[in-house]
Amino acid sequence: MKKIFLVLFILILTSLSTFAEYKPIPNHLNKIDFEILTKIRDLDNYEPVPEALQDEYVKKIPENLINNFRLDASKGLKHILYDKITYNNKTLKQMLFDFNKKSDSIYQEYLNNPQNNEQNKIFIEQLKEMNGTISLYPDTIIEQIQPYIKKYNLELEPGTESDIFLYKYYIERYQVDYSDKLMDLLKAKEYVYSKINIYILKISDKI
């Protein structure tokens with residue numbers, strides 16, 4: 001598994017393409033910011049592990065267990081997508097929407113008074129806290145579905161891009177119910193995380 005996540009870590013640094021599904025672009029972002037947000041990874045076509053290495057690094061579910069896996073994994077996904085499993089009793093998607101709205105509000109307030117350095121430092125800390133929480137989404141998703149990962153000996157552990165790995169090689173590949181909803185969540189996560197990073201960089205330039 002260490003080899004897998006080394007590969008995943010390298011790939012995340014080099015993989016950027018077009019992302020067009022989730023784009024409530026705030027009207028205070030300029031053209032350059034917009035272009036950055038439209039170049040987020042295209043998760044529909046992105047492969048965490050190169051095709052030539054997948055036989056070595058991606059475990060296959062035996063043919064006679066696929067139907068059982070679909071049923072079990074769909075239960076796990078339903079829990080991940082619709083149950084309130086965050087620290088503040090919200091769904092993962094609702095928390096993303098809240099962060100999306102809150103980060104826009106913070107950045108708009110910054111634009112109203114960009115020279116207030118003490119305020120800007122507070123804004124940056126608030127934005128970093130949100131992105132720190134979003135960065136834990138892969139761990140949370142894998143931990144919540146861990147019983148089924150163990151049941152089918154998938155040897156998938158929490159870590160960078162483990163949620164995308166789960167989606168691409170097990171949820172999508174084996175046509176598990178709610179797979180489209182999981183992809184929507186992953187795309188929203190990518191978008192909100194990237195946008196908040198833009199806000200952090202822009203506010204930091206004024207300090």
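Predicted model only: the values in this text are computed from it and were never measured. When a residue number appears, it is its place in the shown sequence, counting from 1.
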## Note on the structure
When rounded to the nearest 0.5 Å, the distance separating OH of Tyr148 from NE2 of His79 is 9.0 Å
### Query
When clusters are formed by joining ILVMFWY residues with side-chain heavy atoms under 4.5 Å apart, either directly or through shared neighbours, do Leu136 and Ile85 land in the same one?
no
### Query
What is the minimum heavy-atom distance between Gly159 and Pro138, and which atoms define it?
O-CB, 3.5 Å
#### Entry: Pair Tyr46-Glu161, side-chain donor/acceptor within less than 3.5 Å
yes
### Task
Please round to the nearest 0.5 Å and tell me the distance separating atom CD1 of Ile196 and atom CD1 of Ile124.
13.5 Å
### Query
So, do Leu77 and Tyr82 sit near enough that their side-chain heavy atoms are less than 4.5 Å apart?
no
### Task
Enumerate the residue pairs fulfilling side chain to side chain donor-acceptor pair (under 3.5 Å) with a member in residues 126-135, sequence neighbours excluded, ordered by first and then second residue.
Asn131-Asn197
### Query
With sequence neighbours left out, which residue pairs that include part of residues 60-87 fulfil the salt bridge (Lys or Arg N to Asp or Glu O under 4.0 Å) condition?
Asp55-Lys60, Asp72-Lys151
### Message
Before you tell me yes or no, could you show the steps for Tyr167 and Leu43 under side chain to side chain contact (heavy atoms under 4.5 Å, CB included), namely the whole-Å CA-CA distance, both residues' side-chain angles and the distance that decides it to 0.1 Å?
### Response
CA-CA 10 Å; Tyr167 172 81; Leu43 295 182; over 6 Å; no
#### Entry: Ile171 side, atom CD1; Leu166 side, atom CG - distance, nearest 0.5 Å
4.5 Å
### Task
To the nearest 0.5 angstrom, please state how far the OH atom of Tyr57 sits from the CZ atom of Phe165.
10.5 Å
## Note on the structure
Hits for side chain to side chain contact (heavy atoms under 4.5 Å, CB included) against Asn112, two or more places apart or cross-chain, chain-then-number order -> Gln108
### Query
What is the minimum heavy-atom distance between Ser162 and Ile142, and which atoms define it?
OG-CG1, 3.2 Å
#### Entry: Partner residues of Glu109 under the side-chain hydrogen bond (donor to acceptor under 3.5 Å, both in side chains) criterion, sequence neighbours left out
none
### Query
Can you list every salt bridge (Lys or Arg N to Asp or Glu O under 4.0 Å) pair that touches residues 170-181, not counting sequence neighbours?
Lys168-Glu172
### Phe69: ring pair (Phe, Tyr, Trp, His ring centres under 6.0 Å) partners, not counting sequence neighbours
Tyr152, Tyr174
### Message
Any donor-acceptor pair under 3.5 Å linking the side-chain atoms of Glu157 with those of Gln146?
### Response
no
### Query
Are Ile149 and Leu71 grouped together when hydrophobic residues (ILVMFWY) are joined by side-chain heavy atoms under 4.5 angstrom apart?
no
### Query
About how many Å separate CD1 of Ile61 and CG of Leu154, when rounded to the nearest 0.5 Å?
5.5 Å
### Query
Going through the distances and angles, do Asp44 and Met183 end up as a side chain to side chain contact (heavy atoms under 4.5 Å, CB included)?
CA-CA 8 Å; Asp44 290 308; Met183 177 54 92; 4.0 Å; yes
### Query
What about Tyr110 and Phe123, are their ring centers closer than 6.0 Å?
no
### Task
Just do the side chain to side chain contact (heavy atoms under 4.5 Å, CB included) check on Ile141 and Leu185 with the steps written out, would you?
CA-CA 11 Å; Ile141 289 171; Leu185 177 67; 4.1 Å; yes
### Message
Applying side chain to side chain contact (heavy atoms under 4.5 Å, CB included), can you list everything that pairs with Lys102, at least two apart in sequence or on another chain?
### Response
Ile106, Met130
#### Entry: Note, Lys189 side chain near Ile134 side chain (heavy atom, < 4.5 Å)
yes
### Task
Could you list the residues that satisfy side-chain hydrogen bond (donor to acceptor under 3.5 Å, both in side chains) with Thr86, not counting sequence neighbours?
Asn88
### Query
To the nearest 0.5 Å, how far apart are OH in Tyr170 and CD1 in Ile145?
12.0 Å
### By ring pair (Phe, Tyr, Trp, His ring centres under 6.0 Å) - contacts of Phe99 (at least two apart)
none
### Residue pair Leu53, Val58: steps toward the side chain to side chain contact (heavy atoms under 4.5 Å, CB included) verdict
CA-CA 8 Å; Leu53 299 176; Val58 181; over 6 Å; no
### Query
Asp139: what forms a salt bridge (Lys or Arg N to Asp or Glu O under 4.0 Å) with it, not counting sequence neighbours?
none
### Task
Could you check if a side-chain atom of Tyr178 sits within less than 4.5 angstrom of a side-chain atom of Ile80, using non-hydrogen atoms only?
no
### Summary
Those residues at least two apart in sequence (or on a different chain) that pass salt bridge (Lys or Arg N to Asp or Glu O under 4.0 Å) with Glu118 are Lys121
### Query
Just checking, is any N or O donor in the side chain of Lys195 or Asn100 under 3.5 Å from an acceptor N or O on the other one?
yes
## Note on the structure
Taking every heavy atom of Ser103 against every heavy atom of Tyr199, the minimum-distance pair comes out as O-CE1, 3.4 Å
### Task
Mark yes or no for whether Ser179, through its side chain, and Gln175, through its backbone, hold a donor-acceptor pair below 3.5 Å.
no
### Query
Would you say the side chain of Glu190 lies within less than 4.5 Å of the side chain of Ile164, judging by non-hydrogen atoms?
yes
### Task
Go through the structure and list residues passing side-chain hydrogen bond (donor to acceptor under 3.5 Å, both in side chains) with Gln94, not counting sequence neighbours.
Asp98
